[in-house]
Amino acid sequence: MSAAFTPQSEFLRVLAQRGFIHQCSDFPGVDAKAKAGELIAYIGFDCTAASLHIGSLVQIMMLRWLQKSGGKPVPLMGGGTTRVGDPSGKDEGRQLLSIEKIDENKAGIKQVFSKFLNFGDGKTDAVMPDNAEWLTTLNYIEFLRDVGRHFSVNRMLSMDSVKMRLDREHELSFIEFNYMCLQAYDFVELNKRYGCVAQMGGSDQWGNIVTGIDLGRRMGAPQLYAVTSPLLTTASGAKMGKTAAGAVWLNADMLSVYDYWQYWRNTEDADTGRFLKLFTELPMDEIARLDALGGAEINEAKKILANEATAMVHGRAAAEAAAETSRKTFEEGALATSLPSVPLAGAELAAGLGVLTAFVKAGLVASTGEARRQVKAGGLRVNDEVVGDERGSLGGGDVKEGVIKLSFGRKKHVLLKVE
């Protein structure tokens, strides 16, 4: 945000203070709409998986702050655009999904938003349209004549999402090339249907969003606006939302509450204050106090971050239970039966379960080869005892209180629950 511009609206003030803003097409224009309680803004979410992961959490929080400050959030489901695939940030085309799979993914994503936004018919209540409503009924010739004529191929070729693929000589299909046209048309259609005047998104969407603004101007829409957030990486340069074990999903059926809590607890020291601003609603003075903690005390700030971020997605009770499980596991060394668990047939155990296979079955490692390497490094434990023999197996004698505790390093634990 320009140092010369001071927001008058609560919405832009909160976003600026907490680090959400990367670019805005017109700060005074967005600020005036927000201050007057007239800011209706959308963010599109394609249905490429059965859940969103924390890489989408910045955008979700922007919608939440919009609603809390008197605006109307519109999370747009990309039931139509998912059939095409967004080329932004991709070296290869996305695998095209069946309509049934897209609908299944959409249902999973909807669960996330029910935790963050209030839906209804009121002025600030969120609505969740699906762009399949209008994109799947378009007549191709009419779309080319009425909408397509406003797009410059020269400009489309200069867009980062297209240019990157062409510069690297990676194939860009015609269907993907059309994606920015459909996204721009979404903006115009949402303005007609819901009065949306702003589109928000990650900074990699800037080109697509301003293309929508230009299309709106050419098709007689009122002034439209763009607001983008920075693409987040951790202090060590890792991409948010990804870990060695996979994506950090927001749905509990795809990632346990305990593992979600642990992700935030394991935040790097240098990221703690920044993440408290972005992913919690703690007051700024409290965040400043926590961010100033040093030494071992920073761990208390990380626990608060984990509690608040987890409560936002899974509820306060689930967050406190995860915190208690962690305390028992790490501070008391107790067997916390609320750790993530995987069922194990008694017959399989009686036949002799190879220790390497057990760790793969628990999902702690991807392969027996990786498990073997971790054994040599001393990184795997069974019931808190270091595994020293890669050829060993588990048996009935390893069962404690109906489970076998497997650990990878100090912070990853899974219980094999014998049935």
Side-chain angles (χ1 to χ4, degrees), residues 23-26 29-30 33 40-48 74 76-90 92-94 96-97 99 102 127 129-228:
Q23 286 175 289
C24 178
S25 61
D26 181 353
V30 174
K33 286 284 186 182
I40 303 173
Y42 89 96
I43 301 177
F45 298 88
D46 278 349
C47 310
T48 54
V74 181
L76 173 68
M77 294 293 98
T81 43
T82 305
R83 304 184 195 188
V84 174
D86 183 0
S88 299
K90 303 290 184 296
E92 297 177 353
R94 279 184 172 148
L96 295 181
L97 303 177
I99 295 174
I102 291 172
V127 293
D130 182 347
N131 60 18
E133 296 171 22
W134 52 86
L135 294 182
T136 57
T137 59
L138 288 174
N139 177 287
Y140 187 58
I141 296 299
E142 290 180 359
F143 182 77
L144 288 178
R145 183 192 64 201
D146 298 336
V147 180
R149 64 190 177 90
H150 297 300
F151 289 90
S152 163
V153 171
N154 306 62
R155 184 177 179 188
M156 292 169 73
L157 289 171
S158 71
M159 302 287 265
D160 288 343
S161 59
V162 173
K163 195 170 183 296
M164 180 184 73
R165 292 270 282 274
L166 297 180
D167 287 348
R168 296 180 183 179
E169 298 185 358
H170 292 156
E171 183 177 294
L172 178 73
S173 70
F174 177 70
I175 191 172
E176 290 177 286
F177 190 57
N178 276 269
Y179 187 92
M180 68 182 75
C181 303
L182 300 180
Q183 183 172 334
Y185 183 70
D186 280 346
F187 203 170
V188 176
E189 192 70 28
L190 286 169
N191 177 260
K192 290 179 183 176
R193 294 181 179 225
Y194 299 98
C196 278
V197 293
Q199 182 182 172
M200 303 188 292
S203 59
D204 61 335
Q205 292 295 317
W206 177 258
N208 287 342
I209 297 174
V210 297
T211 298
I213 293 175
D214 183 62
L215 179 63
R217 179 180 59 81
R218 294 173 183 272
M219 295 186 70
Q223 179 63 56
L224 303 178
Y225 305 97
V227 181
T228 62

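Just so it is clear, the model here is predicted, and its values are computed rather than measured.
Looking at L138 and Y185, their side chains come closer than 4.5 Å, going by heavy atoms from C-beta outward. Residues Y225 and C24 fail the side-chain proximity criterion, which asks for heavy atoms closer than 4.5 Å. Contact check for T136 versus R83: side-chain heavy atoms found under the 4.5 Å cut-off. For the pair L76/F45, no side-chain contact is recorded, criterion being any heavy-atom separation below 4.5 Å from C-beta on. At least one side-chain heavy atom of E133 sits under 4.5 Å from a side-chain heavy atom of D130. Contact annotation: the side chain of M77 never approaches that of N131 to less than 4.5 Å [non-hydrogen atoms, C-beta and beyond]. Side chains of I213 and Q223 form a contact here, defined as non-hydrogen atoms less than 4.5 Å apart. Side-chain contact between L190 and W134 is present, with at least one heavy-atom pair separated by less than 4.5 Å.
Scanning all heavy atoms of the two residues, the minimum distance from G207 to T211 falls at O-OG1, 2.7 Å. Across all their heavy atoms, I40 and Y194 have their closest contact at CD1-O, 3.4 Å.
The main-chain N or O of V197 is never found under 3.5 Å from a side-chain atom of N191 such that the two would form a donor-acceptor pair. A donor-acceptor contact shorter than 3.5 Å is absent between the side chain of E142 and the backbone of N139. Checked by atom type and distance alone, the side chain of R145 never pairs as donor or acceptor with a backbone atom of I141 at under 3.5 Å.
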